[in-house]
Amino acid sequence: MAEHVILFAGPMGAGKTTAIRSLSEIDVVSTEAANSERHVVDKATTTVALDYGEITLGAEDKVRLYGVPGQKRFDFMWSILKKRARGMIMLINDDAPDAVQTMIDYLDDFSELYDQGGVVIGVSRTDLGVGPGLQAYTAALAEQRPQFIAPVFGVDPRDENHMRTVLMTLIANIEMRAMLAPAAEAAAP
């Protein structure tokens, strides 16, 4: 049985908890508390430690889904949860202020997850048509972080099919990189 530990990261309100709930086969463990920063994101609660869910893919592959808090003041939890993670699904609100730069900042904060397995970016709320749109994210990646080859998807975190596509893309990326690693190591001088 293969096991994958996947982080869901991104700013508060991007849909991390919702995405995990849409995928998980178990009741999601959630550490929600009253949102003391409603001026930043107008929602009643926010994750303060982690969200946890599980999904089984295929016959035996278990995926452990961890959502990290979106506020940087809880970044100590990021460090704890990054240690076992094999990859990350980053969620970004398209309609948030400075959404593209927020993506770049989170990529910097979680860059080791790219090296450990991979990153897929899901942009939520693109249906509102008020944000920069998917092209702006892919252009920023190409210009500012060309070493990051990360697929960018428009997603609705409430939609299990959207999130399953993103998750399966990440798992395929992780498994492909794991298979190619021995060959790359052997070819290194």
Side-chain angles (χ1 to χ4, degrees), residues 4-17 19-20 40-41 47 50 63 65-157 162-181 183-185 187-189:
H4 298 285
V5 175
I6 303 300
L7 290 190
F8 285 71
M12 181 172 54
K16 300 177 297 291
T17 301
I20 291 172
V40 176
V41 175
T47 302
L50 62 90
V63 182
L65 312 167
Y66 287 90
V68 301
Q71 297 130 307
K72 293 204 182 221
R73 66 186 166 132
F74 297 118
D75 65 354
F76 64 93
M77 286 302 300
W78 299 358
S79 299
I80 293 167
L81 295 170
K82 282 192 274 189
K83 289 179 184 172
R84 287 190 56 222
R86 297 273 317 269
M88 175 179 71
I89 295 172
M90 179 189 306
L91 294 176
I92 299 291
N93 291 11
D94 194 42
D95 64 336
D98 300 320
V100 173
Q101 185 57 49
T102 298
M103 175 194 68
I104 296 296
D105 294 344
Y106 273 89
L107 284 173
D108 291 345
D109 290 334
F110 290 89
S111 63
E112 63 268 38
L113 291 180
Y114 180 80
D115 297 333
Q116 288 169 216
V119 172
V120 174
I121 298 164
V123 182
S124 62
R125 301 174 63 98
T126 57
D127 57 319
L128 300 177
V130 296
L134 295 180
Q135 286 300 106
Y137 298 93
T138 56
L141 279 171
E143 180 183 316
Q144 297 181 45
R145 300 297 181 275
Q147 75 278 17
F148 279 74
I149 299 176
V152 178
F153 291 89
V155 299
D156 180 344
H162 282 203
M163 297 317 303
R164 188 175 278 268
T165 298
V166 171
L167 178 63
M168 294 303 291
T169 301
L170 179 59
I171 298 295
N173 190 346
I174 290 168
E175 290 178 351
M176 180 190 68
R177 289 175 72 172
M179 287 180 6
L180 294 175
E185 289 172 10

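Reckoned from all heavy atoms, side chains included, excluding hydrogens, waters and symmetry mates. Everything numeric here is computed off the predicted structure, so don't read it as measured data. Throughout, residue positions are numbered sequentially from 1 according to the sequence presented.
Across all their heavy atoms, Y66 and I20 have their closest contact at C-CD1, 3.7 Å. The two atoms that bring I104 and A140 nearest to each other are CD1-O, 4.1 Å, heavy atoms only. The minimum heavy-atom distance linking P11 with Y106 is given by the pair CA-OH, 3.4 Å. Considering every non-hydrogen atom in both L113 and A85, the closest pair reads CD2-CB, 3.6 Å.
Put simply, the side chain of N93 never gets that close to the backbone of S124: no donor and acceptor are under 3.5 Å apart. Judged by distance alone, the side chain of Y114 and the main-chain N or O of A150 form no donor-acceptor pair under 3.5 Å. Between the side chain of K16 and the main chain of P157, no donor-acceptor pair closer than 3.5 Å is present. Distance alone, capped at 3.5 Å, places no donor-acceptor pair between the H162 side chain and the V155 backbone.
Contact annotation: the side chain of V123 never approaches that of M103 to less than 4.5 Å [non-hydrogen atoms, C-beta and beyond]. Looking only at side-chain heavy atoms (C-beta outward), N173 and T169 stay at 4.5 Å or farther from each other. Within the 4.5 Å cutoff, side-chain heavy atoms of T165 are placed close to those of F153.
In this structure, the separation between CG on L134 and CD1 on I92 is 12.0 Å, given to the nearest 0.5 Å. Here NZ of K83 is found 12.5 Å from CG of L7. Values are rounded to the nearest 0.5 Å. The NE2 atom of H4 sits 11.5 Å away from atom CG of L65, with the distance rounded to the nearest 0.5 Å. We find the CD-CE distance between E112 and M88 to be 9.0 Å, quoted to the nearest 0.5 Å. Summarising the geometry, atom CD1 belonging to I121 is positioned 11.0 Å from atom CG belonging to L170; distances are rounded to the nearest 0.5 Å. Note that the CE atom of M163 and the CD1 atom of I89 stand 5.0 Å from one another [nearest 0.5 Å].
Within 6.0 Å of atom CD in Q147, more than 12 heavy atoms from other residues, nucleotides or ligands are found, so the atom counts as buried in its surroundings.
Residue pairs that meet the side chain to side chain donor-acceptor pair (under 3.5 Å) test with at least one member in residues 95-105, sequence neighbours left out, are D95-R125, Q101-D105.
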Under the side-chain contact (heavy atoms from CB on, under 4.5 Å) rule, what do R145 and D108 come out as? Steps first, then yes or no, please. CA-CA 9 Å; R145 300 297 181 275; D108 291 345; 2.7 Å; yes

